Amino acid sequence: MLYFVLKSLHIISDIVWVGGMLINAFVIAMVPPTIRTGVISALRSYDRRVTTTALGGAWLFGIILAVWYGWYTTGWFGFKFLIVVMLSALHGMQSAWLRRMEADPHLDPPAFVRLGMPIVLVSVVVVVLLAIVKPF
Ligand code: HEM
């Protein structure tokens, strides 16, 4: 029972985290500089309160599942771990660039941050396949 509760809390956190990262990526890449400032100030508060908390929950419940149920020794988990570390780094960069772009809406972030939408979408496909199929 505890296992299923932990897994549910993990997946709920994942969905909220990934949703928040997609909103960040959309605003960074697609909202034009003329209307950026207002949108970014609203988004930064959501990012701090909701998306960052969900990221923490995904890590907390994911690590508990990995350690308590022994998944940390498996290949799929190692691969998934690398991808979620990259996603967490991307989230940190998104937050930093949203802060800078709020101050100067004409700034242009690096490609890794600008391409947030495809990076997050492809990562979600790979991470979910790894976690559910557990191919190795
Ligand atoms: C933040 C770091 C993360 C860690 C440490 C982590 C770790 C884990 C672990 C150990 C499991 C248990 C597997 C099982 O019991 O079957 C799991 C399940 C799962 N994770 Fe993650 N995960 C993380 C992030 C994510 C993200 C970002 C997503 C989705 C985008 C995700 C999607 C899933 C899914 C769908 C399952 C359920 C697999 C199943 O029911 O068979 N995880 N995760």
Side-chain angles (χ1 to χ4, degrees):
M1 177 66 177
L2 177 63
Y3 172 65
F4 293 114
V5 171
L6 288 169
K7 209 144 82 158
S8 304
L9 291 172
H10 176 60
I11 293 172
I12 292 164
S13 307
D14 294 336
I15 291 171
V16 177
W17 171 25
V18 167
M21 283 192 71
L22 286 174
I23 303 175
N24 290 348
F26 175 83
V27 169
I28 288 171
M30 293 179 197
V31 172
T34 42
I35 56 166
R36 249 180 208 165
T37 311
V39 174
I40 289 179
S41 5
L43 178 57
R44 284 193 61 218
S45 140
Y46 179 86
D47 184 60
R48 270 195 307 270
R49 285 179 297 116
V50 181
T51 311
T52 305
T53 307
L55 183 155
W59 273 104
L60 176 68
F61 299 119
I63 291 294
I64 291 175
L65 285 165
V67 173
W68 286 5
Y69 301 97
W71 296 114
Y72 64 91
T73 58
T74 59
W76 69 267
F77 178 76
F79 189 15
K80 175 174 164 170
F81 192 82
L82 293 179
I83 298 174
V84 292
V85 166
M86 181 276 293
L87 279 179
S88 305
L90 175 59
H91 177 257
M93 290 178 72
Q94 285 182 328
S95 305
W97 276 95
L98 284 171
R99 176 169 39 78
R100 291 180 197 133
M101 288 164 82
E102 185 183 13
D104 179 356
H106 292 281
L107 285 180
D108 196 17
F112 182 57
V113 177
R114 269 199 328 271
L115 295 174
M117 295 202 84
I119 293 173
V120 172
L121 291 172
V122 171
S123 301
V124 167
V125 171
V126 177
V127 158
V128 171
L129 282 171
L130 284 169
I132 291 183
V133 179
K134 301 183 176 51
F136 39 84

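Just so it is clear, the structure is predicted and the values come from calculations on it, not from any experiment. One-based numbering along the sequence shown. Atoms within each ligand, like the ligands themselves, are counted from 1 in listed order.
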query = Under 2.8 Å from atom 21 (Fe) of ligand 1, which protein atoms of type N, O or S occur, listed by chain and number?
reply = H10 NE2, K80 NZ

[X] and ligand 1 - part of the residue with a heavy-atom distance under 4.0 Å:
{"X": "F77", "answer": "side chain"}
{"X": "Y3", "answer": "side chain"}
{"X": "W59", "answer": "both"}

For [atom], the protein heavy atom that lies nearest, with its residue and separation:
{"atom": "atom 40 (O) of ligand 1", "value": "K7 NZ, 2.7 Å"}
{"atom": "atom 27 (C) of ligand 1", "value": "W17 CZ3, 3.6 Å"}
{"atom": "atom 41 (O) of ligand 1", "value": "K134 NZ, 3.3 Å"}

message = Which of the numbered atoms in ligand 1 are under 4.0 angstrom from any heavy atom belonging to A66?
response =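 Those of ligand 1 that fall under 4.0 Å from A66 are 10 (C).
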
note = Sorted by chain and number, sequence neighbours left out, ring pair (Phe, Tyr, Trp, His ring centres under 6.0 Å) with F81 holds for W59, F77

ask   = Taking the six-membered ring of W71, is the NZ or CZ of K80 close enough (under 6.0 Å from the centre) and on axis enough (within 45°)?
value =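 K80 over W71 ring: no.
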
message = Within a 6.0 Å radius of atom CZ on F136, are there more than 12 heavy atoms belonging to other residues, nucleotides or ligands?
response =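 Enclosed: over 12 neighbouring heavy atoms sit under 6.0 Å from CZ of F136.
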
message = Working to the nearest 0.5 angstrom, can you tell me the gap between Q94 CD and N24 CG?
response = 4.5 Å

query = Just by modelled atom types, is the A29 backbone N or O under 3.5 Å from a matching donor or acceptor in the R114 side chain?
reply =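 Looks like no, no N/O pair under 3.5 Å.
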
key: Polar side-chain atom of H10 near backbone of A58 as donor-acceptor pair, under 3.5 Å   =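 Here the side-chain-to-backbone pair exists.
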
key: Min N/O separation W76 to ligand 1 under 3.5 Å   = no

query = Any side-chain donor-acceptor pair under 3.5 Å between R49 and T53?
reply =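 No, no side-chain donor-acceptor contact under 3.5 Å.
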
query = L130 pairs by side chain to side chain contact (heavy atoms under 4.5 Å, CB included) with which of V126, V133, I132?
reply =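 The passing option is V126.
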
inquiry  = Exactly one of T52, D47, T51 should register a side chain to side chain donor-acceptor pair (under 3.5 Å) with S95. Which one does?
reply    = D47

query = Hey, does Y69 sit under 4.0 Å from ligand 1 if you only count heavy atoms?
reply = no

request  = Dump the intermediate steps for side chain to side chain contact (heavy atoms under 4.5 Å, CB included) on Y3 and W68, then the final yes or no.
outcome  = CA-CA 9 Å; Y3 172 65; W68 286 5; over 6 Å; no

